[in-house]
Amino acid sequence: MRKILKILVSVLAWLVLFLSFIITMLIFSSNKNNGISSFLGFVPMKVESDSMSPTFAKGDLIICKTVEDVRQLQKDDVISYWTIINGRRVLNTHRILSVEDDGVNISFMTRGDANSKEDDLPAYQSDIVAKWTGKNIKKGGVVMGFLQTKKGFFVCILIPMALFFLFELYKFIFTIIEVRREKDVELDEAEIKKRAIEEYLAEQKEKDNKQ
């Protein structure tokens with residue numbers, strides 16, 4: 001039972017380290033890529049409004065995938081792209097209503113599922129970032145947003161990683177102590193056997209001298 005518990009704790013520790021590594025990679029990649037996180041082609045995004053409700057809502061985390069060929073996009077796909085809203089360049093995620101392709105340039109008319117009219121500006125091929133995979137995590141964007149803060153990174157990433165390395169250090173020291181203890185036991189047993197043999201030989205010698 002004790003051995004099984006040790007294995008479970010070790011697996012949990014490695015799982016925490018792996019998750020911490022993934023989250024760290026996402027955070028650093030977002031800092032280097034205009035706020036867009038990317039890992040192995042997958043792009044997690046925090047939903048900033050309810051324009052796509054009920055498909056997904058504000059605060060959710062949607063999982064998108066980078067688009068290698070925009071010509072493979074079609075009507076009803078949900079895409080993330082750069083656009084201008086209220087004079088600001090922002091990342092938007094809406095559904096494709098129609099595709100305009102003149103053989104050279106391609107653009108997409110989009111609309112949020114909760115909106116009554118299409119977006120004012122089309123999404124141009126150079127502004128396409130990713131396509132939604134259909135996967136989303138309820139309120140996961142809130143968690144992701146917290147992790148991207150200094151406090152969240154410290155509490156959820158640095159502390160678990162520090163605890164992991166302390167745990168591994170404890171295991172290493174404990175293993176060394178156990179190995180030394182086993183060696184000491186072996187030496188003690190060898191010493192006991194040696195003394196027993198010496199005592200036996202001494203008794204035999206004493207008997208021989210008496211005879």
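Residue numbers run from 1 in the order of the sequence given.
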- Task: Give a yes or no on this: more than 12 heavy atoms of other residues, nucleotides or ligands lie within 6.0 Å of atom CZ of R71.
- Result: yes
- Task: Inspect the surroundings of NZ in K138 and state if more than 12 heavy atoms from other residues, nucleotides or ligands are less than 6.0 Å away.
- Result: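 It does: K138 NZ has more than 12 such atoms within range.
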What's the spacing between [X] [atom1] and [Y] [atom2] if we round to 0.5 Å?
| X | Y | atom1 | atom2 | answer |
| --- | --- | --- | --- | --- |
| D77 | R95 | CG | CZ | 8.5 Å |
| S98 | K75 | OG | NZ | 8.0 Å |
| S107 | Q125 | OG | CD | 8.5 Å |
| N92 | Y81 | CG | OH | 4.0 Å |
| D101 | I106 | CG | CD1 | 4.5 Å |
| E48 | I85 | CD | CD1 | 11.0 Å |

Does [X] reach the side chain of [Y], with side-chain heavy atoms less than 4.5 Å apart?
| X | Y | value |
| --- | --- | --- |
| V47 | I62 | yes |
| L121 | I84 | yes |
| K131 | T93 | no |

- D50 bridged to K58 by N-O distance under 4.0 Å: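 K58 and D50: not salt-bridged.
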Tell me the closest heavy-atom pair linking [X] and [Y], and the distance in Å.
| X | Y | result |
| --- | --- | --- |
| A123 | I79 | CB-CD1, 4.2 Å |
| G112 | M52 | CA-SD, 3.7 Å |
| S53 | A114 | O-CB, 3.4 Å |
| L61 | G140 | CB-C, 3.5 Å |
| M109 | P122 | SD-CB, 3.5 Å |
| F108 | I96 | CD2-CD1, 3.7 Å |

- Is D60 reaching over with its side chain to a backbone N or O of K139, donor-acceptor style, under 3.5 angstrom?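 Confirmed, D60 side chain pairs with K139 backbone.
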- Message: Has E118 got a side-chain atom pairing as donor or acceptor with R111's backbone, closer than 3.5 angstrom?
- Response: no
- Check against side chain to side chain donor-acceptor pair (under 3.5 Å), D113 and T55: CA-CA 7 Å; D113 289 355; T55 307; 2.5 Å; yes
- Query: Hey, are D119 and T110 close enough side-chain-wise for a donor-acceptor pair under 3.5 Å?
  - Reply: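 Yes.
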- Given side chain to side chain contact (heavy atoms under 4.5 Å, CB included), test I63 with N136 step by step and report yes or no. CA-CA 6 Å; I63 309 301; N136 66 293; over 6 Å; no
- Task: Flag the pair W132 / F56 as yes when their ring centroid distance falls below 6.0 Å, and as no otherwise.
- Result: yes
Under a single-linkage definition using a 4.5 Å side-chain heavy-atom cutoff for Ile, Leu, Val, Met, Phe, Trp and Tyr, are [X] and [Y] assigned to the same hydrophobic cluster?
| X | Y | answer |
| --- | --- | --- |
| V142 | L91 | no |
| M45 | V78 | yes |
| V99 | V70 | yes |

- I would like to know whether Q72 and V67 meet side chain to side chain contact (heavy atoms under 4.5 Å, CB included); could you show each step before the answer? CA-CA 9 Å; Q72 293 181 349; V67 178; over 6 Å; no
